[in-house]
Amino acid sequence: MRILVIGSGGREHALAWAIAKSPRCEKLYVMPGNGGTGAIAENVAIDITDHAAVVGFALANAVDFVVIGPDAPAVAGLGDDVRAAGILCFGPSKAAAQLEGSKAFTKELCDEAGVPTAAYGRFDNEAGALAYVRERGAPIVIKADGLAAGKGVTVAMSIEEAEDSVRDCFSGAFGDSGSTVVIEDYLEGEEASLFALCDGESVVMLPSAQDHKRVWDGDRGPNTGGMGAYSPAPVMTPEMTARVENEIILPSIRRMAERGTPFTGVLFAGIMVTAGGPKLIEYNVRFGDPECQVLMLRLQSDALDLLEATARGTLSAVKPVFSDDAALTVVLAAKGYPVSFEKGSEIRGVDGLDGENLVVFHAGTFRPDGKLLANGGRVLDVTALGRTVAEARDRAYAAVDKIDWPEGFCRRDIGWRAVARELKPV
Ligand code: AMP
Ligand code: GLY
């Protein structure tokens with residue numbers, strides 16, 4: 001099979017790495033790819049927002065299967081355009097990608113399907129939103145409706161902060177994404193991510209993972225795309241996973257099918273485990289980054305079989321096997337991320353680190369003239385397996401310490417919640 005992966009992050013390197021292991025993978029392209037994917041696949045320098053160019057490339061190169069990594073092309077309808085050209089595609093339709101593209105859409109779906117989520121109001125004017133904030137009180141959560149590169153959510157601990165955030169949204173801080181605002185009750189609990197492959201009807205739950213969204217140790221500082229992750233997340237017990245599947249994922253999938261917009265691809269549910277049970281925080285229509293990296297390292301089944309069954313609608317026949325080992329990834333980012341950072345610094349000491357229990361996935365890197373250079377905010381994902389999260393963590397940090405990149409940094413406490421649980425006698 002000839003396969004094209006769309007994207008250039010650590011998630012796409014991990015997907016490409018897993019697909020490349022399949023005996024059925026004849027030829028692998030990554031568009032546009034990065035310094036890591038270039039070593040295992042052919043990078044293709046085409047602008048992925050130009051759907052005609054992407055489809056043209058796929059047809060000209062006899063691509064059999066397109067795998068969409070990031071949210072933006074999914075929400076922009078690349079999946080529809082690829083399928084319209086008669087090519088198999090992993091990724092949702094534009095209509096189903098609204099689950100990530102619009103928070104108001106998802107809240108409505110939750111209402112219709114009876115999915116537990118925070119109580120909310122939806123507003124398209126500032127006065128109404130401000131009145132609602134004052135009525136509900138703090139803490140309260142303000143969300144710009146559309147995609148805002150992870151920056152459209154404010155968890156306001158005071159009414160003043162909530163009011164400022166409402167004014168920011170309506171003054172255009174998030175462009176059109178902020179012209180509709182969802183305001184919801186603050187949920188107290190521990191967060192975890194669950195991933196479900198969906199073929200429109202059937203669902204296959206993947207293991208849980210936990211991200212670290214804040215930039216600094218101790219979960220402080222601004223939100224990022226994710227500074228590290230581990231899998232499994234102990235908070236997601238098998239019992240809790242079954243509740244999420246039955247109370248959240250399956251009702252949502254059924255309702256999407258009833259609406260005539262079945263969801264296919266991977267549904268990423270952000271869950272808050274509250275005293276009253278699991279509640280949906282949000283859906284994304286793609287793998288998490290860096291959560292995908294830890295899932296791919298634990299996956300023992302053929303990734304291509306799994307992605308293909310999702311795209312073909314034959315998921316009910318597959319049962320993926322994951323290692324019982326834990327996996328943990330540490331993100332190395334350019335100093336100044338997520339605010340402002342420089343590109344182009346040289347990274348040494350990465351080649352040769354990969355081994356049986358360790359893979360360095362690349363995110364923002366490129367390799368002109370054989371040198372490895374930083375090319376983004378999040379740059380490398382040092383990912384390890386271990387019998388416990390603590391062992392995976394020690395292995396990952398031992399490798400991090402061999403990387404020579406003065407212009408980069410990482411959190412030193414990835415996995416702290418799970419490790420604290422492991423240390424506690426049960
Ligand atoms: P989202 O982009 O919707 O995932 O929100 C970003 C982050 O804000 C989440 O990962 C949570 O940590 C937090 N958050 C979102 N909604 C809520 C809520 N209703 N209650 C508490 N925290 C929330
Ligand atoms: N790591 C969180 C995300 O991919 O949205």
Side-chain angles (χ1 to χ4, degrees), residues 7 9-12 14-15 69-72 74-75 99-107 110 115-121 133 136 138-157 161-162 165 169 174 177-178 181-195 208-215 219-231 233 235 266-276 278-295 329-331 333 338 361 363 377-378 381 383 411 414 417:
R11 166 182 50 211
E12 287 75 30
L15 287 170
D71 47 332
V75 172
L99 283 171
E100 174 157 6
S102 164
K103 299 198 185 284
F105 175 95
T106 297
K107 295 301 266 188
C110 288
V115 168
T117 182
Y120 76 106
V133 161
R136 303 294 289 191
I140 192 157
V141 183
I142 318 295
K143 301 187 174 185
D145 180 57
L147 291 184
K151 302 197 178 84
V153 174
T154 302
V155 178
M157 291 323 232
E161 200 187 335
S165 157
C169 287
F174 305 110
S177 289
V181 170
V182 167
I183 302 182
E184 60 181 40
D185 288 1
Y186 175 76
L187 297 171
E188 184 97 51
E190 187 169 338
E191 263 182 272
S193 311
L194 267 183
F195 298 86
S208 60
Q210 194 152 28
D211 188 13
H212 299 63
K213 289 210 163 115
R214 302 300 188 103
V215 71
D219 292 331
R220 290 174 305 111
N223 266 329
T224 67
M227 294 300 293
Y230 56 86
S231 171
V235 64
V266 59
L267 192 59
F268 163 175
I271 302 291
M272 190 72 86
V273 180
T274 72
K279 299 212 161 134
L280 180 72
I281 299 177
E282 63 161 358
Y283 277 135
N284 296 302
V285 299
R286 45 155 181 103
F287 281 106
D289 184 348
E291 291 95 322
C292 185
Q293 289 81 311
V294 287
L295 293 183
T329 188
V330 177
V331 173
F361 293 117
R378 292 190 294 168
D381 309 311
T383 312
R411 274 180 63 159
I414 299 303
R417 275 203 181 81

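Basis for what follows: all heavy atoms, side chains included, without hydrogens, waters or symmetry-related copies. Because the structure is a prediction, the values reported are computed rather than measured. Atoms within each ligand, like the ligands themselves, are counted from 1 in listed order.
From Gln210, atom CD reaches atom CD1 of Ile271 across 12.5 Å, with rounding to the nearest 0.5 Å. Considering OG1 of Thr329 and OH of Tyr230, their distance stands at 13.5 Å, rounded to 0.5 Å. Atom NZ of Lys107 and atom CD of Glu184 lie 4.0 Å apart (nearest 0.5 Å). To the nearest 0.5 Å, atoms OG1 (Thr224) and CZ (Arg378) are separated by 6.0 Å. Interatomic distance, CE of Met227 versus NZ of Lys213, reported as 14.0 Å (0.5 Å rounding).
Side-chain contact of Glu100 with Tyr283: a donor-acceptor pair under 3.5 Å is absent, judged by distance alone.
Between Arg417 and Asp219, at least one side-chain N (NZ, or NE/NH1/NH2) sits under 4.0 Å from a carboxylate O, which counts as a salt bridge. Residues Lys143 and Glu282 are not paired through a salt bridge, judged by the lack of any N-O separation under 4.0 Å between the basic side chain and the carboxylate.
In terms of N/O distances under 3.5 Å, ligand 2 is not approached by Arg11. Looking at Tyr186 next to ligand 1, no N or O pair under 3.5 Å apart turns up. Residue Glu184 places at least one N or O, backbone or side chain, under 3.5 Å from an N or O of ligand 1. Between Ala118 and ligand 1, no pair of N/O atoms sits closer than 3.5 Å.
Short contacts between ligand 2 and Phe268, defined as distances under 4.0 Å to a heavy atom of the residue, involve ligand atoms 3 (C), 4 (O), 5 (O). Interface atoms of ligand 1 facing Lys213, defined by a heavy-atom separation under 4.0 Å, are 10 (O). Residue Lys103 has at least one heavy-atom neighbour below 4.0 Å for each of these atoms of ligand 1: 2 (O), 3 (O). If you number the atoms of ligand 2 from 1 as listed, the ones under 4.0 Å from a heavy atom of Asp211 come out as 1 (N), 2 (C). Taking every heavy atom of Glu282 and a limit of under 4.0 angstrom, the matching atoms of ligand 1 come to 1 (P), 2 (O), 3 (O), 4 (O). Within the listing of ligand 1, atoms 3 (O), 15 (C), 16 (N) sit less than 4.0 angstrom from a heavy atom of Lys143. Here is the list of ligand 2 atoms found below 4.0 Å of a heavy atom in Gly288: 4 (O).
Look at Asp211 and you'll find every heavy atom at least 4.0 Å from all atoms of ligand 1. Residue contact check for ligand 1: Glu188 places no non-hydrogen atom closer than 4.0 Å to it. Every heavy atom of Cys292 sits 4.0 Å or more from the atoms of ligand 2.
Of all the heavy atoms of Asn223, none lies under 4.0 Å from any atom of ligand 1, so neither backbone nor side chain is involved.
One N or O on the side chain of Thr106 and one on the backbone of Leu99 form a donor-acceptor pair closer than 3.5 Å. Under a 3.5 Å cut-off, the side chain of Thr383 and the backbone N or O of Asp381 do form a donor-acceptor pair.
The protein non-hydrogen atom at the shortest distance from atom 3 (C) of ligand 2 is Arg286 NH1, 3.5 Å.
Closest to atom 10 (O) of ligand 1 by heavy atom, among Glu191, Lys279, Glu100, is Glu191. Looking at Val155, Thr154, Val141, it is Val141 that brings a heavy atom closest to atom 18 (C) of ligand 1. Distances from atom 2 (O) of ligand 1 to the heavy atoms of Val153, Ile140, Asp219 put Val153 nearest.
Nearest heavy atom pair, residue Phe361 against residue Gly10, reads CB-O, 4.2 Å.
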